[in-house]
Amino acid sequence: MAKKPGIPKGTRDFGPMEVAKRNYIFNTIKANFEAFGFQPIETPSFENSETLMGKYGDEGDRLIFKILNSGDFLGKVDDALYAEKDAQKMTSKISEKALRYDLTVPFARFVVQHQNEIEFPFKRYQIQPVWRADRPQKGRFREFYQCDADVVGSKSLWQEVEFVQLYDAVFTTLKLKGVTIKINNRKILSGIAEVIGAHDKLIDFTVALDKLDKIGEEKVKEEMLGKGIPQEGIDKLQPLFSLSGTFEEQVAALGEILNTSEDGKKGIEELQFIDNAITELGLQTAKLQLDVTLARGLNYYTGAIFEVSAPKGVAMGSIGGGGRYDDLTGIFGLKDVSGVGISFGLDRIYLVLEELDLFPPTITENIKVLFINFGEAEALGCLKAIKELRKQGVAAEMYPDAAKMKKQMNFANKREVPFVVMVGESELNSNTFTLKNMATGEQQTIFLEELVGRLK
RNA sequence: GUGGUUGUAGCUCAGUUGGUUAGAGCGCCUGAUUGUGGUUCAGGAGGUCGUCGGUUCGAGACCGAUCUUCCACCCCA
């Protein structure tokens, strides 16, 4: 007996219903991207390893799916290296390609490679799957879709403002209320690190700070001490632990801490600019919230950092993220091109909409009418009518076999086809069609012209 | 990558301290109804209990490995 088939860990099949729901989200995001002036691009599902490796930190490198070289991939490895059994050193010898890990780095590569064909500022969107060799959990898969919108070639903070509006627009269209757009700024984080004498410990400092709402103030301080951050520096942080109130009040408190840091002051200015603009413009359903503990993507973000969390009460990690990276294309040799962008996590948004029952009831693709098959002569008559209906844009289909009536009706019922047409011997002879409404059970016998009119 | 968790019929799940032939509901198939579905009634099919190995007279149950699911950490969408 054949072994039961399966799919790899962290991947999924999607049935017709799931695809319909996913398309609903895709289409919503896409429509909003286009309304904001973004243009679509696509990049290959795999890149040269050197394009991806080292761009996401050590953790990221570990999570990149590597593709084994074709042919005799071991033959070219020299014996000494082989004997060493050092997986890391070996990897670069036996694998030269890797699956896309996100859409931002491939986009940076794209910009550098096509810089002469691109009009800057360039606003692109990209909706494609990415792969991560992560251990699966709820809302965490090894293959999932990202929906990215980025702008390169403009340092203007109006872009950040527009991205906040874009988030708000998409989640409003999806009827997902109560979404929080958290914002922070890399300059503020490095400013704080500078002020407390942990200039060279930015990562340690932010990792500890990030745990504030999980492990509490005391533990965070302990961890910082443990990482070699001086006590007098931690004392300066005190106002940070009790940040509260409005965006304005929080920014004011930050200003106290950061008044000696040029970098920090710049970060505050940027935050204020964005907040002022958003306050003036207004948001439909989302909230913009300052969160100094937000420390994602520090490997390349240089200014604003965004993260979107689902409405309260839904246990789900972030459903979107993004930020400003002043020099991402620099690593590919193109200096002084600033970029800023955001991403939507399709798969997680799906889970949230499902949990809150927010999908519109009628999104499945379905035929409008099924023709019952009574036999060869009748079937041909049916197909003539079906041809006309399809020409008029009515999705119609004939049951392929002259099976028992009950079986055919049952099929129509299961498929939730709203109408059924019966053409038996008598209808065939009189050139008529018996149209049955499956919801009410009503039926009547009519001519083709009227049939088309009713179903159109 | 670390620690834990899950797996029994197509689906959701029972299955007692190890003990005959592993159950239920829903779904599926057939008939009552040979041109009328959703309701009802009667009958039926379907499982090497995730996989491999071990302990035992005997394993769905106990042990080990492995795969899978979900969860926490890490990180992230």
Side-chain angles (χ1 to χ4, degrees), chain A residues 1 3-12 15 25 29 56-64 87-88 100-104 127-148 167 203 206-207 210-211 214-215 294-299 305-310 315-323 341-352 370-375 378 399 402-428 434-445:
Chain A
M1 193 172 71
K3 206 184 152 204
K4 269 189 194 167
I7 54 174
K9 180 182 1 189
T11 64
R12 293 133 320 140
I25 304 176
I29 292 175
Y56 311 100
D58 292 343
E59 186 69 11
D61 282 358
R62 185 171 68 75
L63 297 176
I64 291 174
Q88 275 205 323
R100 192 202 286 135
Y101 176 88
D102 74 353
L103 300 177
T104 305
I127 299 178
Q128 289 190 279
V130 302
W131 294 269
R132 293 183 190 177
D134 209 349
R135 197 181 281 206
Q137 286 179 36
K138 182 175 189 176
R140 170 176 296 193
F141 309 99
R142 300 174 90 170
E143 176 182 64
F144 61 96
Y145 271 77
Q146 285 193 333
C147 312
D148 275 31
Y167 268 138
I203 301 289
T206 50
V207 164
D210 185 48
K211 294 179 187 166
K214 268 186 193 163
I215 62 176
L294 183 58
R296 39 172 300 111
L298 282 179
N299 283 305
I305 303 171
F306 295 111
E307 181 169 300
V308 181
S309 51
M316 182 61 61
S318 60
I319 55 176
I342 60 172
S343 180
F344 291 80
L346 174 105
D347 302 81
R348 288 186 176 179
I349 293 171
Y350 182 103
L351 291 171
V352 172
L370 178 80
F371 282 64
I372 303 293
N373 188 331
F374 282 88
E378 292 90 339
Y399 196 86
K404 278 184 192 164
M405 183 102 183
K406 178 172 173 145
K407 193 177 168 76
Q408 301 193 42
M409 291 299 288
N410 225 324
F411 177 80
N413 208 40
K414 294 268 170 56
R415 283 274 305 269
E416 296 180 315
V417 181
F419 294 97
V420 159
V421 168
M422 282 162 284
V423 179
E425 204 182 337
S426 61
E427 284 94 344
L428 193 63
T434 297
L435 177 67
K436 177 175 176 121
N437 181 323
M438 290 298 278
T440 63
E442 290 171 312
Q443 64 182 59
Q444 59 189 134
T445 302

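The shown structure was predicted, so the numbers you read here are calculated from the model rather than taken from an experiment. Order of the sequence lines sets the chain letters (A, B, ...), proteins ahead of strands, with each chain counted from 1.
Looking at A/R132, its side chain does come within 3.5 Å of a backbone N or O of A/Y101 through a donor-acceptor pair. Proximity of a side-chain donor or acceptor of A/Q408 to a complementary backbone N or O of A/N373 within less than 3.5 Å is detected. Of the possible donor and acceptor atoms, none in the side chain of A/R142 sits under 3.5 Å from a partner among the backbone N and O of A/P136.
Using a 4.5 Å cut-off on side-chain heavy atoms (C-beta onward), A/M409 and A/M438 make contact. Here the side chains of A/F371 and A/E378 are not in contact, with every heavy-atom distance at 4.5 Å or above.
The side chain of A/E59 lies closest to B/C74, out of B/G35, B/G38, B/C74. Taking every side-chain heavy atom of A/N413 into account, B/G37 is the closest of B/U69, B/G37, B/A72. Nearest to the side chain of A/R62, among B/A77, B/G35, B/G1, sits B/G1. In the set B/C75, B/A77, B/G37, B/A77 carries the atom at the smallest distance from any side-chain atom of A/Q146. Ranking B/G37, B/A77, B/U36 by closeness to the A/M405 side chain, first place goes to B/U36. Comparing B/C76, B/U69, B/C75 by their closest approach to the side chain of A/R132 singles out B/C76. Side-chain atoms of A/Q137 lie closest to B/C73 of the nucleotides B/G35, B/C73, B/A77. The listed nucleotides are B/G31, B/G37, B/A77; the one nearest the side chain of A/K404 is B/G31. Residue A/F374 has its side chain nearest to B/G35 when only B/C75, B/G35, B/A77 are considered.
Of the P atoms belonging to B/A24 and B/U69, the separation is 30 Å, rounded to the nearest Å. Annotation: B/A77 and B/U40 have their P atoms spaced 50 Å apart (nearest Å). Spacing of P atoms, B/C57 relative to B/G50, comes out at 24 Å, to the nearest Å. Comparing the same atom, P, in B/C70 and in B/C11 gives a spacing of 15 Å after rounding to whole Å. The P atoms of B/C73 and B/G10 are separated by 36 Å, rounded to the nearest whole Å. If you take atom P in B/G27 and the same atom in B/G38, they sit 11 Å apart, rounded to whole Å. B/U51 and B/C29: their P atoms are spaced 27 Å apart (whole Å). Between the P atoms of B/A22 and B/C49, the separation comes to 10 Å (whole Å).
Counting any heavy atom pair closer than 4.0 Å across all strands shown, A/G10 reaches sugar-phosphate atoms only and no base atom. Counting any heavy atom pair closer than 4.0 Å across all strands shown, A/G57 reaches no nucleic acid atom. Within 4.0 Å of A/Q443, counting heavy atoms only, lies at least one base atom of the nucleic acid. Contact annotation for A/E143: no contact, since no heavy-atom pair falls under 4.0 Å across all strands. A/A439 comes within 4.0 angstrom of a nucleotide base, judged by non-hydrogen atoms across all strands. Within 4.0 Å (heavy atoms only), A/G60 reaches no atom of the nucleic acid at all. Nucleic acid contact for A/G424: base, since at least one base atom lies under 4.0 Å from a heavy atom of the residue. Residue contacts for A/F344: at a heavy-atom cut-off of 4.0 Å it reaches no nucleic acid atom on any strand shown.
A/F141 has its CZ atom 11 Å from the C1' atom of B/C70, to the nearest Å. Atom P of nucleotide B/U34 and atom CE of A/M422 are separated by 16 Å, given to the nearest angstrom. Atom CG in A/N437 sits roughly 16 Å away from atom P in B/G38 (whole-Å rounding). In this structure, A/F306 places its CZ atom 16 Å from C1' of B/A77, rounding to the nearest Å. Rounded to whole Å, atom P of B/C70 lies 11 Å from atom CE of A/M316. A straight line from NZ of A/K211 to P of B/C74 spans 5 Å, rounded to a whole angstrom. Atom pair A/D61:CG and B/C74:C1' shows a separation of 15 Å (rounding to whole Å applied). Here B/C76 presents its P atom at 7 Å from OH of A/Y101, a figure rounded to the nearest Å.
Mapped onto RNA chain B by nearest heavy atom, A/G321 and A/V423 fall at different nucleotides, with A/V423 at the one closer to the 5' end. Comparing A/T11 and A/D134 against RNA chain B, the residue whose closest nucleotide sits nearer the 5' end is A/T11.
Distances shorter than 4.0 Å separate none of the side-chain N or O atoms of A/K436 from OP1 or OP2 on B/U36. One finds no side-chain N or O of A/K407 lying less than 4.0 angstrom from the OP1 or OP2 phosphate oxygen of B/U30. For the OP1/OP2 pair of B/U66 and a distance below 4.0 Å, the side-chain nitrogens and oxygens of A/K9 include no atom meeting the criterion. Neither OP1 nor OP2 of B/G27 sits under 4.0 Å from any side-chain N or O of A/K414.
In this model, a side-chain donor or acceptor of A/R135 finds a partner on the base of B/U2 within 3.5 Å. In terms of polar N and O atoms assigned as donor or acceptor, the side chain of A/E427 comes within less than 3.5 Å of the base of B/G35 in a complementary pairing.
A 3.5 Å limit on both hydrogen-bonding distances identifies B/C26 as the Watson-Crick or G-U partner of B/G10. Within the shown strands, B/G31 is the pairing partner of B/C41 under the Watson-Crick or G-U definition, both distances less than 3.5 Å. Across all strands shown, B/G54 is found opposite B/C62 as a Watson-Crick or G-U wobble partner, with both distances under 3.5 Å.
For the residue pair A/E427 / A/T434, a side-chain donor-acceptor distance below 3.5 Å is found, with atom types taken as modelled.
Partner of A/D347 under the side chain to side chain donor-acceptor pair (under 3.5 Å) criterion, out of A/R140, A/R12, A/Q146: A/R12 alone.
The aromatic ring centres of A/F344 and A/Y167 sit less than 6.0 Å apart.
Scanning both residues, A/Y399 and A/L370, for their nearest heavy atoms gives N-CD1, 3.9 Å.
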